Amino acid sequence: MSLRQQAAEDLIGIVESSSDFGWPLVVTSPAGVSLAMVGLSTDIGTTLDPETGLPVTGRRASVALAIASLTAGGLTLPEGVYSKSEKPWLVAFDDIGGNAYAWKVISTQPDRAIGCITCVLERYVHAG
C-alpha cells in the first residue's frame, strides 16, 4: 500500500471518529436524499481579513467529509448552488451545547488525492 493510500484510509479514521473530533451530521442533496454520517465541523464567529489582518465578525462554518462515505451512502459530491430558485445542498449538525443548526453549502473544495471534501456553509432558514 502506498503512502497516499494509507493517508486516505487514515483520513476516514480521523474524520469519522466520533470518539475524537468527528461530529454527527446529516447531508441532504437538492433532490431530498439525506445521509447521516460523521465528519469534522466548524462554526466560528470571527475571522481575519487576509488583506488587513484585522478581525471581522461574521459567522463562518464548514464541514470536512470523506468522499468514500458520501458515495457509499448514495450521494454525489455536494456543490454550491447559487440560484435562489434551485434547492441547495444542506448540512445539519448540533453545536457543542446541543443546539441544532441547518446550513446550505455555498462552495466546496474536493481533494480527490486523499478523498476529502470541505464544504463552506452559511446559515439556512427554510422559507415556508
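No experiment lies behind these values; they were computed from the predicted model shown.
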Looking only at atom types and distance, does a side-chain atom of Ser107 sit under 3.5 Å from a main-chain N or O of Gly80, one as donor and one as acceptor?
->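 No, the answer is negative, given that no donor and acceptor are paired below the 3.5 Å cut-off.
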For [X], check side-chain hydrogen bond (donor to acceptor under 3.5 Å, both in side chains) against everything at least two apart and list the hits.
X     : value
Gln5  : Ser2
Glu86 : none
Thr28 : Ser34
Ser85 : Ser83

Which residue pairs satisfy the salt bridge (Lys or Arg N to Asp or Glu O under 4.0 Å) criterion with at least one member in residues 105-124, sequence neighbours excluded?
->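 For residues 105-124, and leaving out neighbouring residues, the salt bridge (Lys or Arg N to Asp or Glu O under 4.0 Å) pairs sorted by first residue read Lys104-Glu122.
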Which residue pairs pass the salt bridge (Lys or Arg N to Asp or Glu O under 4.0 Å) test when at least one of the two sits in residues 87-96, sequence neighbours left out?
->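 As it turns out, there is no salt bridge (Lys or Arg N to Asp or Glu O under 4.0 Å) pair with a partner in residues 87-96 once direct neighbours are skipped.
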With sequence neighbours excluded, what pairs up with [X] under the side chain to side chain contact (heavy atoms under 4.5 Å, CB included) test?
X     : result
Glu51 : Asp49
Leu75 : Val27, Ser29, Val33, Leu35, Leu70, Trp89
Ser19 : Ser17

side-chain hydrogen bond (donor to acceptor under 3.5 Å, both in side chains) contacts touching residues 63-80 (sequence neighbours left out) =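 Checked against side-chain hydrogen bond (donor to acceptor under 3.5 Å, both in side chains) - neighbours excluded - the pairs reaching residues 63-80 are Glu16-Ser69.
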Pick from Ile117, Val15, Val91: which one makes a side-chain contact (heavy atoms from CB on, under 4.5 Å) with Val63?
->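 Among the candidates, only Val91 passes.
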Rounded at 0.5 Å granularity, tell me how far [atom1] in [X] sits from [atom2] in [Y].
X      : Y     : atom1 : atom2 : result
Leu65  : Ile12 : CG    : CD1   : 11.5 Å
Cys116 : Leu40 : SG    : CG    : 7.5 Å
Ser62  : Ile44 : OG    : CD1   : 7.5 Å

Indicate the atoms forming the closest heavy-atom contact of [X] with [Y], along with that distance.
X      : Y      : answer
Pro78  : Val105 : CB-CG2, 4.5 Å
Gly115 : Leu11  : O-CD2, 3.4 Å
Trp103 : Tyr124 : C-CB, 3.7 Å

Each residue besides Ile106 in its hydrophobic cluster should be listed here, by chain and number; the cluster joins Ile, Leu, Val, Met, Phe, Trp and Tyr at side-chain heavy-atom distances under 4.5 Å.
->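 Val120, listed by chain and number.
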How is the hydrophobic cluster of Met1 composed, in terms of its other members, when Ile, Leu, Val, Met, Phe, Trp and Tyr link through side-chain heavy atoms under 4.5 Å apart, directly or indirectly?
->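 Besides Met1, the cluster holds no residue at all.
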Can you check whether Tyr101 reaches Leu121 side chain to side chain, under 4.5 Å on heavy atoms?
->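 Not touching, per the 4.5 Å side-chain cut-off.
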Honestly curious: do Leu77 and Met37 fall in one hydrophobic cluster under the side-chain, below-4.5 Å linking rule?
->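 Yes, it is one cluster - the side chains of Leu77 and Met37 are joined through contacts under 4.5 Å.
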